[in-house]
Amino acid sequence: MTFIDTHTHLYGEEFDADRAEMVERAREAGAEKLLLPNVDEESIGRMLQMCDDFPDLCLPMMGLQPEELPADPWPLVKKMKHLLYTTPERYCAVGEVGIDLYWDQSRREEQIEVFREEIHWANELHKPLVIHARNAHQDIVTTLREADTSQIPGGIFHCFGGTIEEARELLTFDGFYLGIGGIVTFKKSTLPAVLHACVPLHRILLETDAPYLTPVPHRGKRNESAYIPHIIDKLSEIYDTTTEEVARITTENARNLFAI
Ligand SMILES: [Zn+2]
């Protein structure tokens, strides 16, 4: 069984002490690729270093995580654009980008402006878009609908945790997938029922968001890509199929989206 972890921050300092061992565990568990989303300015160097260290396994993305907007985001946005446009072949996607109004609503307009700019990059460079949305479903949908996305091959609504209505609305975007991770294994999660009700397996991608959102039975500890099989187990229950089938379909989904 092999899988692709489509969203994992393994370059973080949480892994500085045992990164090589952690990558080895991911390989042994079946990881075929590990896709690394960027978050801020400091993460760029760490992410690219990790991709240099494990070139057969790790692929970087480029974008500004909406919670990490600097006081003036535009110099950093410009720097990211420069990196992306000078070496577009290096990056597998524009990500992670989007809108997050969970802790702070005061910069909503700026977050939307930056997100619009990043959608434009994905469209110009024909890259998938990896979207982080929290308390921002309607803003994400509206911003995407208003933008020119005709050249974007698709993308991921990362860490999806919404309602049946929200899932249905997001699936109207062609080529987009719901990113499913540890939350689906949490005891009180409503996600299994939502997936069962309206999301076919061919619209799902696997992700850890490591070091966060650790699946049961490791909940409370640091997350890592070797834990993806726990998510596969849970999905096989939800879809009443084998773990091999879940791994095969979701891996194919990821290969198609990222042209791997
Ligand atoms: Zn992330």
Side-chain angles (χ1 to χ4, degrees), residues 3-16 19 22-23 26 31 33-51 57-70 73 76-77 80 84 91-104 111 114-115 118-119 121-122 127-137 139-140 154-162 170 176-186 191 204-215 218-219 221-228 231 250 254 257-258:
F3 60 81
I4 295 176
D5 186 348
T6 62
H7 194 115
T8 185
H9 301 278
L10 303 179
Y11 51 76
E13 59 188 19
E14 296 86 350
F15 300 100
D16 281 355
R19 184 166 289 104
M22 183 270 301
V23 166
K33 288 279 182 250
L34 304 170
L35 310 188
L36 309 183
N38 190 55
V39 288
D40 60 15
E41 182 154 34
E42 195 249 332
S43 61
I44 297 173
R46 287 181 152 269
M47 175 185 71
L48 295 179
Q49 184 62 53
M50 182 162 185
C51 293
L57 205 56
C58 296
L59 294 171
M61 305 178 195
M62 185 50 67
L64 176 56
Q65 209 268 15
E67 287 176 298
E68 303 296 338
L69 285 199
L76 178 55
V77 170
M80 289 178 172
L84 198 51
Y91 300 96
C92 69
V94 173
E96 60 180 297
V97 301
I99 306 169
D100 191 321
L101 304 174
Y102 187 75
W103 297 109
D104 181 6
Q111 287 192 22
V114 172
F115 182 41
E118 292 167 313
I119 294 172
W121 304 344
K127 296 279 183 198
L129 200 53
V130 174
I131 298 175
H132 170 114
R134 201 157 50 146
N135 282 26
H137 174 81
D139 283 331
I140 291 282
I156 307 179
F157 297 106
H158 146 64
C159 194
F160 174 76
L170 295 179
F176 276 77
Y177 298 81
L178 305 187
I180 302 298
I183 290 175
V184 79
T185 69
F186 296 175
L191 191 51
I204 285 179
L205 288 175
L206 305 177
E207 59 175 41
T208 54
D209 205 18
Y212 312 110
L213 300 174
T214 313
H218 303 290
R219 197 175 175 184
K221 288 186 274 177
R222 182 188 72 175
N223 199 3
E224 58 179 71
S225 296
Y227 296 162
I228 285 270
I231 298 157
T250 53
L257 176 61
F258 293 99

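These numbers were taken from a predicted model, which means no experiment stands behind them. Quick note: numbers below take in every heavy atom, side chains included, and nothing from hydrogens, waters or symmetry partners. Both ligands and their constituent atoms are indexed starting at 1 by order of listing.
In H9, the N, O or S atom that comes nearest to the Zn ion (ligand 1) is NE2. The atom name of the N/O/S atom in D209 closest to the Zn ion (ligand 1) is OD1.
In this structure, Y11 contributes its side chain and P37 its backbone to a donor-acceptor pair below 3.5 Å. Looking only at distances, a side-chain donor or acceptor of Q111 sits under 3.5 Å from a matching main-chain atom of D100. The closest donor-acceptor contact from the side chain of N38 to the backbone of M61 lies at 3.5 Å or more, if one exists at all.
Rounded to 10°, the angle formed at the Zn ion (ligand 1) by NE2 of H7 and OE2 of E96 is 100°.
Side chains of W121 and M80 form a contact here, defined as non-hydrogen atoms less than 4.5 Å apart.
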